[in-house]
S.K.: 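This structure is in structure tokens; I'll ask about it shortly.
Proteins come first, then strands; the chains are lettered A, B, ... in the order of their sequence lines, and each starts at number 1. Since the structure is predicted, the reported quantities are computational estimates derived from the model, not experimental observations.
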There are 2 protein chains.
Amino acid sequence: MLLQPSSKRTTCGTADEVSGLRMTRQRQEVYRVLLAQRDHPTANDVFMRVKDGLPNISLATVYNCLEALVAHNLVRQVNFEREPSRYCPNLEEHGHFHDQGTGVIHDVKFKPGITLADVLELPRGAVIQDVEINLRGQLRLA
Amino acid sequence: MLLQPSSKRTTCGTADEVSGLRMTRQRQEVYRVLLAQRDHPTANDVFMRVKDGLPNISLATVYNCLEALVAHNLVRQVNFEREPSRYCPNLEEHGHFHDQGTGVIHDVKFKPGITLADVLELPRGAVIQDVEINLRGQLRLA
DNA sequence: CCCGATAGCAAGAATTATTCTAAATTCATG
DNA sequence: CATGAATTTAGAATAATTCTTGCTATCGGG
């Protein structure tokens with residue numbers, strides 16, 4: 001899923017868009033950085049990485065870009081406790097395991113064929129829009 | 001030495017501890033407020049409620065009390081997105097469903113006999129200390 | 001009962017991730 | 001090219017939470 005400032009496919013008069021989002025240089029670079037190193041960086045981490053390619057970018061812009069990417073479902077925002085938000089380009093439904101020993105956050109997939117309703121006693125009539133599963137623990141390797 | 005219930009001081013008397021936590025007047029009141037209205041209040045909500053009984057309590061103390069209660073596993077801290085933390089005296093393992101329509105947070109129980117390992121592909125050797133499950137959605141009542 | 005030590009409290013200042021503001025720039029489109 | 005909308009930027013503002021400081025209450029030992 002490489003993003004490219006693709007050819008001018010101007011249906012209604014718009015230009016290079018991904019998921020209806022105009023792909024500016026800054027958004028491109030923020031997205032590229034997220035794909036390049038999938039270690040759940042914070043906004044500030046992203047800021048520092050993006051500065052290599054765009055030395056004049058501002059932190060506010062990084063926040064703007066991340067917000068735009070999240071709003072257009074290209075990136076997920078991951079909140080852990082009250083820590084700074086982290087960002088994740090893995091769009092599959094998944095949870096996160098935060099290893100307290102190393103600080104590393106691992107993606108955790110659902111077992112195949114499992115749905116939330118199999119697991120939880122949801123309120124009647126509940127329509128779920130978004131699921132967040134966060135685990136904290138240690139990796140005790142044998 | 002004979003001890004009579006001292007009528008002068010607080011009704012709670014001396015040095016009673018719960019889970020190794022000294023139960024001061026302030027901690028008692030914070031805890032009581034949480035038990036009385038289980039609507040997942042924020043620290044500030046708790047502050048306002050506690051002021052009825054303890055008009056001189058400070059917000060910092062409410063934070064301290066909540067922290068102490070959480071540390072001693074009498075209360076759970078619930079974090080939703082980047083919103084202010086909420087507090088919950090329900091100690092059963094459970095998740096939270098945040099109804100976007102009303103803003104109400106509902107506790108969500110696991111179905112009986114379900115364990116995390118049934119559902120998630122945990123990393124090998126992962127020892128889970130804490131689980132957080134947050135759902136966002138709407139209640140569409142038929 | 002007295003004393004020193006410790007824990008807890010209150011008030012306000014500090015911290016910090018994030019959002020907002022306003023001005024400048026870029027870009028799409030006519 | 002002109003125009004208006006979207007985007008970027010730098011810095012100020014916001015707000016939940018934490019920290020600091022000085023004070024008070026409580027505990028344990030003589």
Side-chain angles (χ1 to χ4, degrees), chain A residues 5-31 40-48 50-51 53-72 77-87, chain B residues 1-3 6 8-31 40-48 50-51 53-72 75 77-87:
Chain A
S6 57
S7 48
K8 289 222 180 120
R9 192 185 55 77
T10 330
T11 2
C12 287
T14 41
D16 306 325
E17 296 188 351
V18 177
S19 304
L21 178 67
R22 206 161 92 192
M23 264 302 158
T24 64
R25 188 115 175 61
Q26 287 83 346
R27 288 175 183 161
Q28 236 179 133
E29 197 64 6
V30 165
Y31 190 39
H40 305 88
T42 65
N44 201 62
D45 295 334
V46 172
F47 178 48
M48 292 188 299
V50 163
K51 273 200 288 195
L54 287 173
N56 294 323
I57 198 170
S58 78
L59 180 55
T61 298
V62 171
Y63 273 103
N64 287 340
C65 291
L66 290 169
E67 185 184 28
L69 292 168
V70 168
H72 287 76
Q77 182 173 6
V78 180
N79 296 303
F80 225 87
E81 314 272 317
R82 304 238 87 234
E83 292 173 15
S85 288
R86 295 165 177 280
Y87 296 87
Chain B
M1 81 182 106
L2 291 175
L3 281 185
S6 112
K8 207 123 194 245
R9 301 274 170 182
T10 69
T11 48
C12 71
T14 55
D16 13 15
E17 298 191 349
V18 178
S19 305
L21 179 66
R22 210 161 88 190
M23 261 303 158
T24 64
R25 190 109 175 65
Q26 288 82 347
R27 287 176 184 162
Q28 231 178 152
E29 198 65 5
V30 166
Y31 190 38
H40 305 88
T42 64
N44 202 61
D45 294 334
V46 172
F47 178 48
M48 292 188 301
V50 163
K51 273 201 286 196
L54 288 173
N56 295 323
I57 198 170
S58 78
L59 179 56
T61 297
V62 171
Y63 273 103
N64 286 339
C65 291
L66 290 169
E67 185 184 28
L69 292 167
V70 168
H72 287 76
V75 164
Q77 182 173 6
V78 179
N79 296 301
F80 224 87
E81 314 272 313
R82 303 238 88 233
E83 292 173 17
S85 288
R86 295 164 178 280
Y87 297 87

S.K.: Which whole-number value in Å describes the distance from A/Arg86 CZ to C/dA17 C1'?
M.R.: 13 Å

S.K.: What's the CE-C1' distance between A/Met48 and C/dA17, to the nearest Å?
M.R.: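 Rounding to the nearest Å, CE of A/Met48 and C1' of C/dA17 are 14 Å apart.
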
S.K.: Any side-chain N or O of B/Ser85 below 4.0 angstrom from OP1/OP2 of D/dA16?
M.R.: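 Answer is no, no contact under 4.0 Å.
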
S.K.: If you only use heavy atoms from C-beta on, which nucleotide in D/dT17, D/dT9, C/dC9 is closest to the side chain of B/Thr24?
M.R.: C/dC9

S.K.: With side chain to side chain contact (heavy atoms under 4.5 Å, CB included) as the test, pick out the partner of B/Val46 among B/Asn44, B/Thr42, B/Val50.
M.R.: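 Testing each of B/Asn44, B/Thr42, B/Val50 against B/Val46, the sole residue satisfying side chain to side chain contact (heavy atoms under 4.5 Å, CB included) is B/Val50.
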
S.K.: How about B/Ser85 and B/Gln77: does a side-chain donor come under 3.5 Å of a side-chain acceptor?
M.R.: yes

S.K.: Hey, is the main chain of B/Arg22 close enough, under 3.5 Å, to the side chain of B/Arg27 for a donor-acceptor pair?
M.R.: yes

S.K.: Is atom CZ of A/Arg82 surrounded by more than 12 heavy atoms (other residues, nucleotides or ligands) closer than 6.0 Å?
M.R.: yes

S.K.: Could you tell me the separation between the CG atom of B/Leu54 and the C1' atom of C/dG8, rounded to a whole number of Å?
M.R.: 13 Å

S.K.: Just to be sure I understand the rule, does A/Gln26 reach a base, reach only the sugar-phosphate, or reach nothing, if contact means heavy atoms closer than 4.0 Å?
M.R.: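 Answer is sugar-phosphate: A/Gln26 comes under 4.0 Å of backbone atoms only.
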
S.K.: Report the distance from atom CG of B/Leu54 to atom CZ of B/Arg25, rounding to the nearest 0.5 Å.
M.R.: 5.0 Å

S.K.: Please report the distance, rounded to the nearest Å, between CZ in A/Arg22 and C1' in C/dT26.
M.R.: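 Rounding to the nearest Å, CZ of A/Arg22 and C1' of C/dT26 are 7 Å apart.
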
S.K.: Please state whether the phosphate of D/dT7, meaning OP1 or OP2, lies under 4.0 angstrom from any side-chain nitrogen or oxygen of A/Thr61.
M.R.: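 For A/Thr61, the contact criterion (side-chain N or O under 4.0 Å from OP1 or OP2 of D/dT7) is not met.
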
S.K.: Report the distance from atom NE2 of A/His72 to atom P of D/dA6, rounded to the nearest whole Å.
M.R.: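 Those two atoms, NE2 and P, are 12 Å apart.
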
S.K.: Please give, in whole Å, the distance from D/dT17 P to A/Asn79 CG?
M.R.: 13 Å

S.K.: Is any side-chain nitrogen or oxygen of A/Tyr63 closer than 4.0 Å to OP1 or OP2 of C/dT18?
M.R.: yes

S.K.: Rounded to whole angstrom units, what separation is found between the CZ atom of A/Arg27 and the P atom of C/dC27?
M.R.: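 In whole Å, C/dC27 P lies 12 Å from A/Arg27 CZ.
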
S.K.: Let me know, please, whether B/Arg82 or B/Asn56 comes out on the 5' side of the other along DNA chain C by nearest nucleotide.
M.R.: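 On the 5' side of the pair lies B/Asn56.
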
S.K.: To the nearest Å, give me how far apart CG (B/Leu69) and P (C/dC9) are.
M.R.: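 The distance from CG of B/Leu69 to P of C/dC9 comes to 10 Å, rounded to the nearest Å.
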
S.K.: Which sits closer to the 5' end of DNA chain C, A/Glu67 or B/Ala60, going by the nucleotide each is nearest to?
M.R.: B/Ala60

